[in-house]
J.: 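Take this structure first; my questions come after.
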Amino acid sequence: YNVMFPMGFDSFGLPAENAAIDRGVDPASWTAANIDTMRSQFRTMGCMFDWSRELAVSDPAYYRWTQWLFVQFFKAGLAYRAMGAVDWCPKDQVVLAREQVEGAERRCWRCGTPVIKRDLEQWFFRITNYADELLDFRGIDYPEPIRLMQTNWIGRSEGAEIDFPVEAGGDQRIRVFTTRPDTVFGATFMVLAPEHPLVSVLATDEQRADVEAYVAQAGRETEIDRLSTEREKTGVFIGSYATNPMTQERIPIWIADYVLPGYGTGAIMAVPAHDERDFAFARKYDLSVRYVVVPASGEVASDQAFVAHTADEVLADSGEFSGMPAAEAITAITRRLADMGLGGPAVSYRIRDWLVSRQRYWGAPIPIVYCPQHGPQPVPEDELPVKLPEDVDFAPTGVSPLQSHEGFLKATCPICGEPARRETDTMDTFMDSSWYFLRYCSPNNDTAAWDPEQVAAWMPIDLYTGGAEHAVMHLLYFRFFIKALRDMGLLAFDEPTLMLRNQGQILGADHQRMSKSRGNVQNPDELTRRYGSDAVRAFLMFVGPWDQGGPWNPSGIEGLHRFLGRVWNVAHPASSGGPKSAADSELLQALRRATHTTIAGVTKDYERLHFNTAISKLMELTNALAHERHSGLSGTDAYAESVDTLLLLLAPVAPHITEELWAQRGRPYSIHQQAWPTYDPALATADTIELPVQVDGRLRDRLVVTPDTPADEIERMALESEHVQRYLDGRPPARVIQVPGKLVNVVTPKG
RNA sequence: GCCCAGGUGGCGGAAUUGGUAUACGCGUACGUUUGAGGGGCGUAUGAGGCAACUCAUCCGGGUUCAAGUCCCGGCCUGGGCACCA
């Protein structure tokens, strides 16, 4: 009674909007129709969700609170608007979060079109503030691959920031980030990202034309071209020089697009001797290379970069630091730079802030108005929700359809009351899914997003299941949300869920992800009509390990259909009266034993989410029951107890047939509200056990003994076995190894 | 290139901590029930061999009384990241 198992619909988003446009209907009615279909499919399948908590994120009663949360993030300084080069899907006509761009070709996660970069002003959430805390998985139980993916995605690097004074630039300095401050003596040139703000300042007049041409070209370049690692490095000297703070050498400043504006400081000290990229660049433009880290023993090949970072590297050609182990030099040089006022330890992350604005209609409108006087202002909370207008043109044009809706655009500034313009972007749907579990705790509350008492009682989630494909999206965002809301004083816990488990993904028969466009989608309705939903459910659980997934192949469903038929048969006793012989009594005892072993095994399997093996154990018990029934023993207590147990254990997998059989057997309604069967170890222990006898690790014989047979007795019996004697050939065994209750292994003498 | 996960019969897959490899199901064959078909039920089913046995968990080594499981090297498949300094 204290388990919440809710269901809701993540109904906003591009796929719904695009599908609606294709069909010439509005997204709201299209979505509502889909929800109706899905709800009835869930019912048919016997999914026992708590429908009193159902929600849909596209319902104004829900997105009112998504908007309210946006305002809270805005007030907390965690939502900001910034200009930046963002990923743009030219087909869907929308910006994407970095997490939504996939693969080497930089494709849109929804439609697969390669994305392009556009300079746009967008809304961001400061997930980077939580980079460190998101790396901490203590206290939560997540699958190792998810932890690794999140850790890599956050990409924490420790190193140093170093300031390089600019020659003839007054007190101008170029700050770089490096993970290898120990190599600073080898920094023979610098490279700025073309977008770096100092580029236009430092470009000399004679180089300016080249520099501007390069910057313009880099801006036009697609992300794919720019990030291709195979591509030859390009760059331009900007005419100015900086000073290496350690060697005091004059080093040239270049720009090149292999330096990214968004990571570190957007500028690097180039150490060609110890970085492959810098090395390639230096070779191409004939820049000097100086080796400053060498293996403690051995030479360095001078025709390539030496990037190995082993424990026994030492510094060379590095002034007073020469000869110092590299690992030690990292700290020593960083400290020296700090003393000189030219840097210090620094940490850099690859994770960027979360881009949350979308130029599409079917999402929660961002609750902001722009006042010419007061700038962006949140919509007052009592004016929420900002509702989506229904009379709009849905065609994707590159700007939000809301931009052409006069009534929507018109707003007033909450501060001065003067006319203001409403924000027309909507929120990334991952905003909706970052807090829905909180809403489940009090889904109908119309005075608050959630009832703190209910949240305190239910949250955090005990077990969260979902696909691994959301490793660096939803599963990262919802952790960030909870931490941010905690810091706003709105929640008192740190993590959305204590335990995460990933189910495998069932692919299409063509081994591809199921999708409408590929035409490989399986509709459960047809199978359900043919075999019944219990058989479909049982098959889905039986077909393979729950966490594995694989291509869809329904050929085994017949087996589950037959299995349920056998369950039906064994639940209808065919005889009355008890055992008629000693063999019968033996059989009944074995059945009782099997019943209790099954309780233990199935319970454990369910706890471990090993549904396929749980079902196989239930099949074994059913087969045993069929055998007893055939032997005329179905009138006994042991048989009846076993059938009841079978039904109880099977009920979660096949809720309908078990409920029906339970009722037919005159048991109290409902089977789904009965206590779980308890396992009695005494009843599960066998009177005799079969002990394999090995010779040199190979099975040669079996002994049937009582569990309490002493070891020396077992050894005697094993050695007496004629199968064993054949291998001993009259000699005494070298050793006899016994694993109590498991096996005996007789080791023959060598030779 | 770097980081993960995986590779077991014709197929999906089983095998807590090294301890009877192939559970359970599909498929197949034969038998049985039926007027026939479908369905049900029963038996068999890793490979080779008449048999005793031998060989088998991607390949090659190793540790061990004993290896699908542990160690070393390689191959293949799937996933993630990818000019992140």
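Reminder, nothing fancy here: chain letters follow the sequence lines and each chain counts from 1. Just so you know, these numbers come straight off a predicted model, no measurement behind them.
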J.: If you measure from the C1' atom in B:rA5 to the same atom in B:rG9, how many Å do you get, rounded?
T.: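 My reading of the C1' atoms in B:rA5 and B:rG9 gives 24 Å.
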J.: Look at the rings of A:Phe430 and A:His474 and say which category their plane angle falls in: under 30° parallel, 30 to 60° tilted, over 60° perpendicular.
T.: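 Plane angle under 30°, so parallel.
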J.: Choosing from B:rA85, B:rG12, B:rA21, which nucleotide comes nearest the side chain of A:Asp275?
T.: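 Of B:rA85, B:rG12, B:rA21, B:rA85 is nearest to the side chain of A:Asp275.
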J.: Just checking A:Arg156: base, sugar-phosphate only, or nothing, at a heavy-atom cut-off of under 4.0 Å?
T.: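 Here A:Arg156 touches no strand at all.
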J.: Remember a base hit wins even if backbone is also touched, and classify A:Tyr727 as base, sugar-phosphate or nothing at under 4.0 Å, heavy atoms.
T.: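 A:Tyr727: backbone/sugar contact only, no base atoms under 4.0 Å.
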J.: Side chain to side chain donor-acceptor pair (under 3.5 Å) for A:Trp109 and A:Glu102? Distances and angles first, verdict last.
T.: CA-CA 6 Å; A:Trp109 72 312; A:Glu102 297 179 333; over 6 Å; no
J.: Look at the aromatic rings of A:Tyr263 and A:Phe177 and report parallel, tilted or perpendicular, splitting at 30° and 60°.
T.: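 If you compare the ring of A:Tyr263 with that of A:Phe177, the planes turn out perpendicular.
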J.: Do we see a donor-acceptor contact under 3.5 Å between the side chains of A:Thr598 and A:Tyr679?
T.: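 There is no such pair (donor and acceptor under 3.5 Å, judged by atom type) between the side chains of A:Thr598 and A:Tyr679.
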J.: If we call it a pair only when both distances are under 3.5 Å in a Watson-Crick or G-U wobble match, what pairs with B:rG31?
T.: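 The answer is B:rC41, by the H-bond criterion.
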J.: Work out how far the C1' atom of B:rA21 is from that of B:rA47, and round it to whole angstrom.
T.: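 Between the two C1' atoms, the distance is 14 Å.
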J.: When all nucleic acid strands are considered with a 4.0 Å heavy-atom cut-off, which category describes A:Arg562: base, sugar-phosphate, or nothing?
T.: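 The answer is sugar-phosphate, as A:Arg562 gets under 4.0 Å only of primed atoms, P, OP1 or OP2.
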J.: I want to verify a distance call: between B:rU20, B:rA85, B:rA66, whose nearest atom is closest to the A:Pro692 side chain?
T.: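 So the side chain of A:Pro692 is nearest to B:rU20.
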J.: Taking only the side-chain heavy atoms of A:Asn623 (C-beta and beyond), determine which of B:rC83, B:rC24, B:rG80 contains the nearest atom.
T.: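 Nearest nucleotide to the side chain: B:rC24.
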J.: Tell me what A:Arg147 touches on the nucleic acid: a base, only sugar-phosphate, or nothing, going by heavy atoms under 4.0 Å.
T.: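 Counting heavy atoms under 4.0 Å across all strands, no contact is made by A:Arg147.
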J.: Counting only heavy atoms not in A:Arg608, do more than 12 sit closer than 6.0 Å to its CZ atom?
T.: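 Yes.
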J.: Starting from P on B:rG79, measure out to CD on A:Gln548 and report it in whole angstrom.
T.: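 Atom-to-atom, A:Gln548 to B:rG79, this comes out as 14 Å.
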J.: Taking for each residue the nucleotide of RNA chain B with the nearest heavy atom, is it A:Arg735 or A:Ser157 whose nucleotide lies nearer the 5' end?
T.: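 It is A:Arg735, whose closest nucleotide lies nearer the 5' terminus.
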J.: Name the closest nucleotide to the A:Trp153 side chain, picking from B:rG12, B:rC81, B:rA85.
T.: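 Comparing B:rG12, B:rC81, B:rA85 against the side chain of A:Trp153, the answer is B:rC81.
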J.: Measure from the side-chain heavy atoms of A:Gln694 and tell me the nearest of B:rA21, B:rC26, B:rA82.
T.: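 When the side chain of A:Gln694 is considered, B:rA21 is the closest of B:rA21, B:rC26, B:rA82.
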J.: To the nearest Å, how far apart are A:Ile689 CD1 and B:rU20 P?
T.: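 Value for this atom pair: 14 Å.
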J.: How close or far is atom C1' of B:rA85 from atom CZ of A:Phe164, stated in whole angstroms?
T.: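 The answer, rounded to whole Å, is 12 Å.
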J.: For B:rC53 and A:Arg698 - does any side-chain N or O of the residue sit under 4.0 Å from the phosphate oxygens OP1/OP2?
T.: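 Checking A:Arg698 against B:rC53: no side-chain N or O falls below 4.0 Å of OP1 or OP2.
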J.: Between A:Asp696 (CG) and B:rG19 (P), how many Å, whole number?
T.: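 For the pair A:Asp696 CG and B:rG19 P, the rounded distance is 18 Å.
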J.: Going by ring-ring contact (aromatic ring centres under 6.0 Å, His included), A:Phe539 matches just one of A:Trp552, A:Phe563, A:Phe611. Which one?
T.: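 With A:Phe539 as partner, ring-ring contact (aromatic ring centres under 6.0 Å, His included) holds for just one option, A:Trp552.
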J.: Please give the nucleotide sitting opposite B:rA67 as a Watson-Crick or G-U wobble pair, both distances under 3.5 Å, or none.
T.: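 For B:rA67, the partner nucleotide comes out as none, under the 3.5 Å rule.
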J.: Provide the distance between the two P atoms, one in B:rU69 and one in B:rG62, to the nearest whole Å.
T.: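 Taking atom P in both B:rU69 and B:rG62, they lie 15 Å apart.
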J.: Would you mind classifying the nucleic acid contact of A:Val739 as base, sugar-phosphate or nothing, using non-hydrogen atoms under 4.0 angstrom?
T.: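 Touches a base.
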J.: Looking across every strand, which nucleic acid part, if any, lies under 4.0 Å from A:Glu558 by heavy atom: base, sugar-phosphate, or nothing?
T.: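 Nothing, no nucleic acid heavy atom in range.
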J.: Between B:rC58 and B:rU64, how far apart are the P atoms? Round to whole Å, please.
T.: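 The same atom, P, in both gives a distance of 23 Å.
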J.: So which nucleotide from B:rG19, B:rU16, B:rG13 ends up closest to the side chain of A:Ile737?
T.: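 Out of B:rG19, B:rU16, B:rG13, the nucleotide with an atom closest to A:Ile737's side chain is B:rG19.
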J.: Which of the following nucleotides, B:rU16, B:rC4, B:rA14, is nearest to the side chain of A:Pro545?
T.: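 Selected nucleotide: B:rA14.
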J.: Can you tell me how the ring of A:Trp254 sits relative to the ring of A:Phe237, calling it parallel under 30°, perpendicular over 60° and tilted otherwise?
T.: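 Tilted, since the angle between the ring planes falls between 30° and 60°.
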J.: With respect to the side chain of A:Thr613, which nucleotide from B:rU20, B:rA14, B:rA85 is positioned closest?
T.: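 Nearest to the side-chain atoms of A:Thr613, counting from C-beta on, is B:rA14.
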J.: Would you measure the distance from the C1' atom in B:rG13 across to the matching atom in B:rG68 and give it in whole Å?
T.: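 That atom pair is separated by 14 Å.
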J.: Please state how far atom CG in A:Leu148 lies from atom C1' in B:rA5, giving the value in whole angstrom units.
T.: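 Atom-to-atom, A:Leu148 to B:rA5, this comes out as 11 Å.
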J.: How far, in whole Å, is B:rA56 from B:rA67 if one measures between their C1' atoms?
T.: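 14 Å, rounded to whole Å.
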J.: When you measure only distances, ignoring hydrogens and angles, does the side chain of A:Lys604 come within 3.5 Å of the base of B:rU16 through a donor and an acceptor?
T.: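 Answer is yes: a donor-acceptor pair is held.
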J.: In this structure, how many angstroms lie between the P atom of B:rC83 and the OH atom of A:Tyr258, rounded?
T.: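 Interatomic distance, OH of A:Tyr258 to P of B:rC83: 14 Å.
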J.: Could you please name the partner base of B:rG49, counting Watson-Crick and G-U wobble pairs only when both distances are under 3.5 Å?
T.: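 Checking every strand shown, B:rG49 finds no partner, since no pair has both distances under 3.5 Å.
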J.: Side chain of A:Leu743, heavy atoms from C-beta onward: which of B:rG19, B:rC83, B:rG13 has the nearest atom to it?
T.: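 Shortest atom-to-atom distance from the side chain points to B:rG19.
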J.: Can you find a side chain N or O atom of A:Arg566 that sits less than 4.0 Å from OP1 or OP2 on B:rG25?
T.: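 For B:rG25, OP1 or OP2 has a side-chain N or O of A:Arg566 closer than 4.0 Å.
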J.: Using a heavy-atom cut-off of 4.0 Å across all strands, would you classify A:Lys617 as base, sugar-phosphate, or nothing?
T.: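 The answer is nothing, as A:Lys617 stays clear of every strand by at least 4.0 Å.
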J.: Could you classify B:rG62 for me, syn or anti, using a glycosidic angle within 90° of 0 as syn?
T.: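 Because its glycosidic torsion lies more than 90° from 0, B:rG62 adopts the anti conformation.
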J.: Pick base, sugar-phosphate or nothing for A:Asn612, based on heavy-atom distances below 4.0 Å to the nucleic acid.
T.: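 Contact class for A:Asn612: sugar-phosphate only.
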J.: Can you check the distance between B:rA82 and B:rU63, where both ends of the measurement are the P atom (answer in whole Å)?
T.: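 The answer is 44 Å between these two P atoms.
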J.: Atom NE2 of A:His561 and atom C1' of B:rG40: how far apart are they, to the nearest Å?
T.: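 Spelled out: NE2 on A:His561 to C1' on B:rG40 is 12 Å.
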J.: Can you check the distance between B:rA15 and B:rG7, where both ends of the measurement are the P atom (answer in whole Å)?
T.: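 After rounding to an integer number of Å, I get 12 Å for this pair.
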J.: For the residue pair A:Phe124 and A:Trp354, is the inter-centroid distance of their aromatic rings smaller than 6.0 Å?
T.: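 That pair fails the under 6.0 Å test.
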J.: Look through every strand shown and name the nucleotide pairing with B:rG1 as Watson-Crick or G-U wobble, where both distances are under 3.5 Å.
T.: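 B:rG1 is paired with B:rC81.
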J.: Return the nearest nucleotide to the side chain of A:Val747; candidates are B:rG19, B:rG25, B:rC65.
T.: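 Closest of the options to the side chain of A:Val747: B:rC65.
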J.: Does atom NE2 of A:His723 have more than 12 heavy-atom neighbours from other groups under 6.0 Å away?
T.: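 Atom NE2 in A:His723 is packed in, count exceeds 12.
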J.: Paired with B:rU57 by Watson-Crick or G-U wobble geometry, both distances under 3.5 Å: which nucleotide is it?
T.: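 Result: none.
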J.: Taking a pair as Watson-Crick or G-U wobble with both distances under 3.5 Å, which nucleotide is matched to B:rG12?
T.: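 Check on B:rG12: paired to B:rC24, both distances under 3.5 Å.
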J.: Whole Å only: how far is the CD atom of A:Glu620 from the P atom of B:rA14?
T.: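 Going from CD in A:Glu620 over to P in B:rA14 covers 14 Å.
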J.: A:Tyr258 vs A:Phe281, test: ring-ring contact (aromatic ring centres under 6.0 Å, His included). Steps then yes/no.
T.: CA-CA 10 Å; A:Tyr258 79 92; A:Phe281 196 79; 5.5 Å; yes
J.: Hey, which of these two, A:Glu144 or A:Gly262, hits RNA chain B nearer its 5' end, going by closest nucleotide?
T.: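 The answer here is A:Glu144.
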J.: Watson-Crick or G-U wobble partner for B:rG6, using a 3.5 Å limit on both distances?
T.: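 Its partner is B:rC76.
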